[in-house]
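Here the structure comes first, spelled out in structure tokens, and everything after it is commentary.
Lettering of chains follows the sequences in order, A, B, ..., and the numbering in each one begins at 1.
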Amino acid sequence: MPPMLDIKLIRENPEKVKKAIESKNEKGDVDKLLKLDKQRRDLIYITEDLKKQRNENSSQVALAKKEGRDAQALIVKTKEISQQIKEHDEKLQQIENEIYTELSRLPNLPHGDVPIGKDAADNVEVKRWGSIPEFDFKALDHLQLGERLNILDFKRGGKVTGSGFPVYKGLGARLERALINYMLDIHINEHGYTEIFPPFLANRESMFGTGQLPKLENDMYLADKDDLFLIPTSEVTVTNLHRDEILPGDKLPIKYTAYSACFRREAGSYGKETRGFLRVHQFNKVEMVNFVRPEESYQFHEQLLKEATDILERLNIPYRVLLLCTGDLSFAAAKCYDIETWSPAEQKWLEASSVSNFEDFQARRANIRFKDEQGAKPAFVHTLNGSGLATSRLMVSLLENYQTDEGTVIIPEPLRPYMGNMDIIKRSY
RNA sequence: GGAGAGAUGCCGGAGUGGUUGAACGGGACGGUCUCGAAAACCGUUGUGCGCAUUAGCGUACCCAGGGUUCGAAUCCCUGUCUCUCCGCCA
């Protein structure tokens, strides 16, 4: 049973841990944990001593039988010891379950660079790139463009599944596919990634490993006949690829990129924000996942950010980068950048990517370690991931930024090879 | 979905109740030999937890979880996964 936060860290710095949890607007009973930890260690001490006695007695029984002596008295006595061991083990199991439950609810601790803050309003903009387009005509939003060009069909998506399940059609479907392929190709060919095509459903162990469970159970779709969750991000299936493994040190860093559809219930969200692509239940995303040595993880975090924004720069889509404050940081992240792309119609920034360093939080929960040479002590890797990128929000920015006064959309140069060398999307029937 | 077989260390593979954390072989690493290499020979070669934290000591782990027993990798039950055959199917 792998730990999540290191119990030793909590044992030695309880106040620091309490403060960190608070800064993330999370809860956790550190005092209860400390108490249980003490109980556990005391019990282990007693129980192991009993086990030692039992093992010694059993050896003597064997010896006695071999020599034809009577061992009945010893057997009776040992039986009692075994009974005690059983009781102690049950109690220990119970305590460890409690520790596990408490521990698994504790969020990751924020990195020292992360600004203290309450919510999204306290996030810090650290970069802005590209120029916001100014149109000398009335800019259409992505819904109007989608309808006018006959490339998106939210209405029929609602019919066949429900609202929030977009349908791409004709050149819209092709553009979506082009984006996915383009991003994958850049990551594979230029950013040093290995492509993974992962399952879109994951079991509870995996969901726990990356930190979706227990907190987000209600935000995910569950296929309950098989107790499998539809993945909210391929981070889940890709990171868990190496669950319960000890990786050879010379294999690090491991960089995987994966396309997947992503499924989110978005329970409780409604209103204007849910229009079109702004908030959907199913979207497409190309994800990047890194497994790295602990001392290198912040260097890779910066690089991951570059790899994600590289796509936007090549597509010439204006974006900004936010450093999330403690209060807006997700449960599992130690530090996170959000990348937001500009929507001319909404006149606001839309989150298209989150680039996170989880340090050893996911690695502990998923038990992913590395070892340099035989005999060396295994250590937890650091895991990072970033969307590179989510196509739904990107599609909004792309359509809106590249629109013309005729209501058509120019295809960005890099995507043209993926679109049969077309350079513009016009209405097709 | 039905019938059967199986799951042991980095790999192959033994082991059906008593010093077996695990034979044997391979690989890897260190050493001897060599100008160097190969071969040969010698040695090392898992993980968690607790105590000491320098060496170490103890305990648990042979897919997972229960059970039987003084004692289980070995026996019993349940689950998961893999393979073979049949059925169904994109």
Below 30° counts as parallel, above 60° as perpendicular, anything between as tilted: where do the rings of A:Tyr256 and A:His242 land? parallel
Students often mix this up, so state it plainly: with edges at 30° and 60°, are the rings of A:Phe277 and A:His142 parallel, tilted or perpendicular? parallel
Base, sugar-phosphate or nothing for A:Ala73? Non-hydrogen atoms, less than 4.0 Å. nothing
Pick the C1' atom in B:A14 and in B:U68, then give their distance to the nearest Å. 26 Å
For atom C1', what is the distance between B:C89 and B:G2, given to the nearest Å? 16 Å
Rounded to whole angstrom, note down the C1' distance from B:A22 over to B:G15. 9 Å
From the options B:G48, B:G58, B:C70, select the nucleotide whose nearest atom is closest to the side chain of A:Lys52. B:G58
Specify the residues of residues 57-67 of chain A, ordered by number, for which at least one heavy atom lies under 4.0 angstrom from an atom of RNA chain B. A:Ser58, A:Val61, A:Ala62, A:Lys65
Could you go through residues 161-175 of chain A and list every donor-acceptor pair under 3.5 Å that involves a side-chain atom there, pairing it with any protein atom two or more places apart or in another chain?
residue  : atom : partner  : partner atom : Å
A:Tyr168 : OH   : A:Glu176 : OE2          : 3.4
A:Lys169 : NZ   : A:Asn150 : OD1          : 3.3

Whole angstroms only, please: what is the CG-C1' distance between A:Asp37 and B:G50? 11 Å
Proximity of A:Tyr100 and A:Phe208 rings by center, below 6.0 Å: yes
Does B:U59 have OP1 or OP2 under 4.0 Å away from a side-chain N or O of A:Lys51? no
Nearest-angstrom distance, C1' atom, B:A7 to B:A73: 12 Å
Return the value, rounded to whole Å, for the distance between atom CD of A:Glu56 and atom P of B:C57. 15 Å
Under 4.0 Å between a side-chain N or O of A:Arg41 and OP1 or OP2 of B:C51? yes
Whole angstrom value for the distance that separates C1' of B:C61 from CG of A:Asn367: 14 Å
Taking atom CD of A:Glu205 as the centre, report whether more than 12 heavy atoms of other residues, nucleotides or ligands fall under 6.0 Å from it. yes
A:Ala376 or A:Arg54: which one's nearest nucleotide on RNA chain B is closer to the 5' end? A:Ala376
How many whole angstroms separate atom CD1 of A:Ile368 from atom C1' of B:U47? 16 Å
Grab the stems for RNA chain B, please: at least three consecutive Watson-Crick or wobble pairs, both distances below 3.5 Å, written as range with range. B:1-7 with B:80-86, B:10-12 with B:24-26, B:27-32 with B:40-45, B:46-51 with B:56-61, B:63-67 with B:75-79
When the distance from CD of A:Gln83 to P of B:C70 is rounded to whole Å, what number comes out? 11 Å
If you define the side chain from C-beta out and look only at heavy atoms, does anything of A:Ile95 sit under 4.5 Å from A:Leu43? yes
Using atom C1' of each nucleotide, how far apart are B:G12 and B:G71 to the nearest Å? 31 Å
Distance between C1' atoms of B:C11 and B:U45 (Å, rounded): 13 Å
Can you tell me how far C1' in B:C62 sits from the matching atom in B:U20, rounded to whole Å? 10 Å
Between A:Arg364 and B:G48, does any side-chain N or O lie under 4.0 Å from OP1 or OP2? no
Need to verify one output field. Residue with the more 5' nearest nucleotide on RNA chain B, A:Leu74 or A:Glu48? A:Glu48
With a 3.5 Å distance limit and no angle check, can you tell me whether A:Thr309 reaches the backbone of A:Lys306 through a side-chain donor-acceptor pair? yes
Would you mind reading off the distance between A:Tyr100 atom OH and B:C49 atom C1', rounded to a whole angstrom? 16 Å
Would you please indicate yes or no on a ring centroid separation below 6.0 angstrom for A:Phe361 and A:Phe331? yes
Any base atoms under 4.0 Å from A:Ile44, or only sugar-phosphate, or nothing? Heavy atoms, all strands. sugar-phosphate
With a 6.0 Å cut-off (strictly less than), is the heavy-atom count around CD of A:Glu147, excluding the residue itself, greater than 12? no
So if I take every side-chain heavy atom of A:Lys371 and compare against B:G71, B:U68, B:U47, which nucleotide ends up nearest? B:U47
Pick one: which of A:Gln303, A:Glu359, A:His382 meets side chain to side chain donor-acceptor pair (under 3.5 Å) with A:Tyr298? A:Glu359
Would you say A:Arg40 places a side-chain N or O within less than 4.0 Å of OP1 or OP2 belonging to B:G50? yes
May I ask you to say what A:Arg204 touches in the nucleic acid, namely base, sugar-phosphate or nothing, with a heavy-atom cut-off under 4.0 Å? nothing
Tell me whether the OP1 or OP2 atom of B:G71 has a side-chain N or O from A:Ser82 closer than 4.0 Å. yes
Mutual orientation of the aromatic rings belonging to A:His191 and A:His187 [parallel < 30°, tilted 30-60°, perpendicular > 60°]: tilted
Rounded to whole angstroms, how far apart are NZ on A:Lys79 and C1' on B:U68? 10 Å
Which value, in whole Å, describes the distance between the C1' atoms of nucleotides B:G9 and B:G26? 13 Å
Would one find a side-chain N or O of A:Asn55 under 4.0 angstrom from OP1 or OP2 of B:A60? yes
Ignoring hydrogens and geometry, is there a side-chain-to-backbone donor-acceptor pair from A:Asp122 to A:Gly117 under 3.5 Å? no
In this structure, how many angstroms lie between the P atom of B:C70 and the NZ atom of A:Lys86, rounded? 12 Å
